[in-house]
> 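Before anything else, here's the structure in question.
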2 protein chains.
Amino acid sequence: MNVMNDSPRRKELTRQAAQLFVQEGFDRTTVRMLAQEMGIKSGSLFHHFRDKQEILAAVIEEGTENALGIARAALDDCDSDPASRLHAMARAHLETLLTDRNAHVVALYEWRRLDAPARAHLSHLRDAYEALWEEVIDDALAAGLIRGDRFLVSRFVMGALNWTVRWYDPDGERTPDELAGELVAMLTHPAG
Amino acid sequence: MNVMNDSPRRKELTRQAAQLFVQEGFDRTTVRMLAQEMGIKSGSLFHHFRDKQEILAAVIEEGTENALGIARAALDDCDSDPASRLHAMARAHLETLLTDRNAHVVALYEWRRLDAPARAHLSHLRDAYEALWEEVIDDALAAGLIRGDRFLVSRFVMGALNWTVRWYDPDGERTPDELAGELVAMLTHPAG
DNA sequence: GATTTACACTAGCGCTTGCTTGGTTGACCC
DNA sequence: GGGTCAACCAAGCAAGCGCTAGTGTAAATC
């Protein structure tokens, strides 16, 4: 029972678990389904993870870390004006759906299935991601690029973006960059 | 086995089921939990519903019908200019969280758990609700009140609003009317 | 007064669930 | 060449699952 290692094998199993969690939902995914997807027997699964909950925690941890990493890189790479930063964050969010869709979707929609200890541990990661957003939105508000209440605007924007997992097809015609542009255009006002 | 009646008793049971589905999720809610919440034994439950699936369908049907009714009434009661209609729709959406939160939340987040026949039957209701939104957004676009792609704007707005179930407290300080105002202010542009 | 209906009960069947146990395999190591 | 170790397997346990069968009963209907 390798409780808390991050062997490459475990990473790969986590990736496959994410896929099933998205397809079926966490509760409907049985350990036997997971094992079959991984090409092992159900008992062997518990050599890598303490229990089913820990698999979910591993998936969500990876999804959130990935999103955080992409967002930070995007902010580092873009111009420092509020409009560019807003665009960069939106694009980064959509790009996570491209590079690691499954884990990100699980992080969004199966959060409630985490038990209390796992939730406590992972909420720091999540807070860090949301903090990035609030900072960018604060700057945009201060620059008069968008208008409204700080709290509400960030909630509305996060909602619009998180909802994209229900309809956005990353292999479709619109690139994350284009889509981010549309969102920013909708939000911002021409005469700052 | 009253397969398709809508007795007051069944209505009340449906309401209680919605509460549990929100708290625990559909898959984690057992028929025994449902029965206990309803004050009966688990076997008696199947006098009112054919199976567990039918309980979910009943909850979602009621939630969507409620949202549709409130939205239609709001459109009938408001001024006919695009801004008023947009505001009315947003307010109506938030008011459903006030009058029938549980059923509405279940309709949003447990849709995938419906089996194929139930989904086919209920998707008409859902389409009717979304059609109202698209009509209102079309008018707002035509009037130059908001800008952007028709498809994308409606998805973004629906996302922002549907996300409210995760943070909005209808008993809190902000009324649905105020919140709808903030959303419209964020979206619309002063000089049409 | 007899029959039907609506609603509830008890008891449990057949199956699946997450997880455990005890043991095997093959690669690597001093 | 004995020891270690991660990785896996076969078998199955205890609990819980959705659901059914058969029965009781009070009120409504004939």
Side-chain angles (χ1 to χ4, degrees), chain A residues 1-60 106 110 112-119, chain B residues 1-60 106 110 112-119:
Chain A
M1 287 123 190
N2 303 334
V3 174
M4 269 294 168
N5 72 355
D6 19 54
S7 65
R9 183 79 178 117
R10 186 174 145 131
K11 270 256 153 68
E12 171 63 14
L13 297 181
T14 302
R15 219 185 47 78
Q16 287 175 310
Q19 160 110 13
L20 265 180
F21 288 164
V22 169
Q23 264 176 42
E24 306 287 330
F26 175 70
D27 291 325
R28 285 211 140 130
T29 306
T30 67
V31 292
R32 286 167 181 81
M33 291 164 66
L34 286 165
Q36 190 174 17
E37 183 84 6
M38 297 165 177
I40 57 178
K41 299 296 173 183
S42 70
S44 313
L45 214 154
F46 296 91
H47 171 73
H48 301 279
F49 304 93
R50 195 193 328 251
D51 52 27
K52 194 186 165 193
Q53 275 279 332
E54 199 180 88
I55 309 180
L56 178 61
V59 169
I60 291 187
V106 172
E110 306 286 354
R112 297 173 27 131
R113 303 285 157 251
L114 288 169
D115 55 18
R119 203 178 304 189
Chain B
M1 285 121 195
N2 303 336
V3 174
M4 269 297 167
N5 73 355
D6 19 53
S7 64
R9 182 83 178 116
R10 186 174 146 130
K11 270 258 154 68
E12 171 63 13
L13 297 181
T14 302
R15 219 185 47 77
Q16 288 176 309
Q19 160 109 13
L20 264 179
F21 287 164
V22 169
Q23 265 176 43
E24 306 287 330
F26 175 70
D27 291 323
R28 277 182 130 96
T29 305
T30 68
V31 293
R32 286 165 180 84
M33 291 164 65
L34 286 165
Q36 188 173 18
E37 183 84 5
M38 297 166 177
I40 57 179
K41 299 296 174 184
S42 70
S44 313
L45 214 155
F46 295 91
H47 172 72
H48 301 277
F49 303 93
R50 198 195 325 255
D51 52 26
K52 195 187 164 191
Q53 274 279 333
E54 198 181 86
I55 309 180
L56 178 62
V59 169
I60 292 187
V106 172
E110 305 287 354
R112 294 172 27 130
R113 302 290 158 245
L114 288 170
D115 54 21
R119 202 179 306 189

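Chain identifiers are assigned alphabetically (A, B, ...) following the order of the sequence lines, protein sequences preceding nucleic acid strands; residue numbering begins at 1 within each chain.
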> How would you list, by chain and number, every residue that makes a side chain to side chain contact (heavy atoms under 4.5 Å, CB included) with B:R119, sequence neighbours excluded?
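Partners of B:R119 by the side chain to side chain contact (heavy atoms under 4.5 Å, CB included) criterion, ordered by chain and then number, come out as B:W111, B:L114.
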> Rounding to an integer number of Å, can you tell me how far B:F26 CZ sits from D:dC17 P?
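So the two atoms are 13 Å apart, to the nearest Å.
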> Nearest-Å distance, CZ (A:F49) to P (C:dC19)?
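Result: 13 Å.
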> What is the distance, rounded to the nearest whole Å, between atom CZ of B:R9 and atom P of D:dA27?
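It works out to 16 Å between those atoms.
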> Tell me the interatomic distance from B:H47, atom NE2, to C:dT5, atom C1', rounded to whole angstroms.
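Taking NE2 of B:H47 and C1' of C:dT5, I get 9 Å after rounding.
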> Rounded to whole Å, please give me the gap between CZ in A:F46 and P in D:dA7.
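About 16 Å, once rounded to whole Å.
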> Could you give the side-chain donor-acceptor pairs of residues 25-34 of chain B under 3.5 Å, partners two or more places apart or in another chain?
residue	atom	partner	partner atom	Å
B:D27	OD2	B:R113	NE	3.1
B:R28	NH1	A:D27	OD1	2.8
B:T29	OG1	B:G25	O	2.7
B:T30	OG1	B:R32	N	3.4
B:T30	OG1	B:M33	N	3.0

> What integer distance in Å separates A:D27:CG from C:dG18:P?
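Spelled out: CG on A:D27 to P on C:dG18 is 9 Å.
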> Looking at B:A17 and B:I55, what are the two nearest heavy atoms and their distance?
CB-CG2, 3.6 Å
> Considering all heavy atoms of both residues, which atom of A:L45 and which atom of A:A35 are nearest to each other, and what is their separation?
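Looks like CD1-N, 3.8 Å.
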> Name every residue in residues 32-44 of chain B that has at least one heavy atom under 4.0 Å from any atom of DNA chain D, in order of residue number, or write none if there are no such residues.
B:R32, B:S42, B:G43
> Just the rounded figure in Å: distance from P of C:dC9 to NE2 of B:H48.
9 Å
> I'd like to know whether B:K11 forms a side-chain contact (heavy atoms from CB on, under 4.5 Å) with B:T14, so could you lay out the CA-CA distance, the side-chain angles of the two residues, the decisive distance to 0.1 Å, and finally the verdict.
CA-CA 5 Å; B:K11 270 258 154 68; B:T14 302; 5.6 Å; no
> Measure the distance from CD on B:E24 to C1' on D:dC17 and round it to the nearest whole Å.
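Computing the B:E24:CD to D:dC17:C1' distance gives 15 Å.
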> Looking at B:R9 and B:E12, is any side-chain nitrogen of the basic one under 4.0 Å from a carboxylate oxygen of the acidic one?
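No.
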